[in-house]
Amino acid sequence: MEKENNTITPANTLEVGARIKLLRTNQKRTLQEVADSCGLSKSMISKIENDKTIPSVATLVKIAAVLGTSVSSLLEQEGWNKAIVTSRNTAIEKLVKTEKGYMIFPYASEYHDKKMQPFLFVARKGEVIPHQLSHEGEEFVFVVEGSMKMQIGDTEYVLKTGDSLYFNALQKHGIIPISNEVTYIDIFV
């Protein structure tokens with residue numbers, strides 16, 4: 001089916017049910033809970049989730065509100081992939097140098113509403129400006145290759161290839177490469 005006058009056609013909404021089901025199950029909510037909150041029947045929510053019926057815009061508005069999202073988010077075609085694959089070459093080619101001197105690549109930036117943000121970091125000796133920062137959340141660091149010093153609060157850790165560190169990111173933290181280049185994965189939650 002084709003789009004006419006920017007209206008939504010069934011071909012564009014076939015995956016809406018799967019998106020609704022994914023949000024509902026991630027929130028550990030039952031069909032009945034969502035149905036009651038929307039003023040719809042359990043059967044209707046099930047039909048929508050299984051793409052047996054295409055909901056009206058008014059129904060989508062109710063469901064989106066109950067699930068804490070927007071209608072446009074439910075209708076997005078991009079970013080709902082079940083898996084995002086990134087080759088090492090792609091990550092290396094798309095590294096961006098920050099003002100602090102290290103390079104970063106955000107993995108899975110197109111994944112919708114993810115719970116964590118994984119980054120590839122590459123830091124070179126003599127290029128990183130010493131600094132410490134803190135922010136909400138937690139971090140997991142895994143050294144892919146090389147070695148670095150990582151300061152967490154008042155404690156300094158030396159991390160080498162294969163080492164990891166998990167910490168509360170409210171503590172001031174920062175890194176300094178020991179080897180000429182260190183490559184590490186940093187996952188923010």
Side-chain angles (χ1 to χ4, degrees), residues 15 18-30 33-34 49 64 66-70 72-74 76-189:
E15 295 177 1
R19 293 180 193 127
I20 290 168
K21 185 174 186 175
L22 181 64
L23 285 171
R24 178 183 62 76
T25 56
N26 281 345
Q27 294 175 15
K28 297 181 178 19
R29 297 174 78 181
T30 66
E33 288 172 325
V34 172
E49 285 187 355
V66 166
L67 295 175
T69 190
S70 66
S72 62
S73 191
L74 289 176
E76 284 177 356
Q77 294 295 307
E78 300 298 319
W80 285 85
N81 299 333
K82 292 185 176 144
I84 306 290
V85 176
T86 306
S87 71
R88 180 182 174 132
N89 287 343
T90 298
I92 297 296
E93 288 169 10
K94 293 186 176 185
L95 282 166
V96 176
K97 193 162 192 169
T98 70
E99 76 280 0
K100 298 297 183 188
Y102 49 80
M103 295 175 283
I104 63 169
F105 170 76
Y107 286 105
S109 58
E110 65 274 27
Y111 193 89
H112 177 79
D113 199 28
K114 60 184 165 289
K115 307 282 186 272
M116 62 180 165
Q117 179 57 65
F119 284 93
L120 174 66
F121 279 76
V122 175
R124 295 188 177 119
K125 197 174 195 175
E127 292 183 17
V128 174
I129 298 167
H131 66 285
Q132 288 196 334
L133 53 97
S134 67
H135 52 84
E136 296 269 332
E138 299 172 353
E139 286 188 46
F140 173 77
V141 174
F142 177 82
V143 179
V144 176
E145 191 172 9
S147 60
M148 65 185 194
K149 290 181 189 174
M150 183 141 198
Q151 183 87 24
I152 309 290
D154 295 332
T155 307
E156 185 175 272
Y157 301 91
V158 174
L159 302 174
K160 300 174 185 163
T161 301
D163 293 345
S164 66
L165 184 64
Y166 190 99
F167 61 96
N168 183 325
L170 284 173
Q171 299 177 78
K172 286 200 176 273
H173 55 281
I175 74 110
I176 295 293
I178 295 174
S179 56
N180 287 332
E181 182 175 278
V182 61
T183 302
Y184 60 100
I185 303 291
D186 195 341
I187 301 172
F188 298 76
V189 182

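Just so it is clear, the model here is predicted, and its values are computed rather than measured.
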Minimum-distance pair of heavy atoms, taken over all atoms of [X] and [Y]:
X	Y	answer
Gln27	Val66	OE1-O, 4.4 Å
Ala91	Leu120	CB-CD2, 3.8 Å
Lys160	Val143	O-CB, 3.5 Å
Leu133	His135	CD1-CD2, 3.4 Å
Ile84	Ala108	CG2-CA, 3.9 Å
Val128	Ala123	CG2-CB, 3.6 Å

May I have all residue pairs that pass ring pair (Phe, Tyr, Trp, His ring centres under 6.0 Å) and include part of residues 140-165, sequence neighbours excluded? none
Taking atom CD as the centre, does Glu136 end up with more than 12 heavy-atom neighbours from other residues, nucleotides or ligands that are less than 6.0 angstrom away? no
More than 12 heavy atoms of other groups within 6.0 Å of Gln171 CD: yes
Take the angle between the ring planes of Phe121 and Tyr102 and call it parallel below 30°, perpendicular above 60°, tilted in between. tilted
Under 4.5 Å between any side-chain heavy atoms of [X] and [Y], yes or no?
X	Y	answer
Lys94	Thr86	no
Glu181	Glu145	no
Ile187	Tyr107	no
Asn168	Ile152	no

Rounded to the nearest 0.5 Å, the CD1 atom of Ile176 sits from the NE2 atom of His131 at a distance of 8.0 Å
Take Lys172 and Gln151 through the test side chain to side chain contact (heavy atoms under 4.5 Å, CB included) and record every step on the way to the result. CA-CA 8 Å; Lys172 286 200 176 273; Gln151 183 87 24; over 6 Å; no
Checking Met148 against Val141 for the side chain to side chain contact (heavy atoms under 4.5 Å, CB included) test, could you report, in this order, the C-alpha distance in whole Å, the side-chain angles of both residues, the deciding distance, and whether it holds? CA-CA 11 Å; Met148 65 185 194; Val141 174; 3.6 Å; yes
One pair to check against side chain to side chain contact (heavy atoms under 4.5 Å, CB included): Leu159 and Tyr184. What are the steps and the verdict? CA-CA 10 Å; Leu159 302 174; Tyr184 60 100; over 6 Å; no
Within the distance-only criterion (no hydrogens, no angle test), does the side chain of Arg24 pair as donor or acceptor with the backbone N or O of Arg29 below 3.5 angstrom? yes
Those residues at least two apart in sequence (or on a different chain) that pass side chain to side chain contact (heavy atoms under 4.5 Å, CB included) with Asn89 are Ser87, Glu93
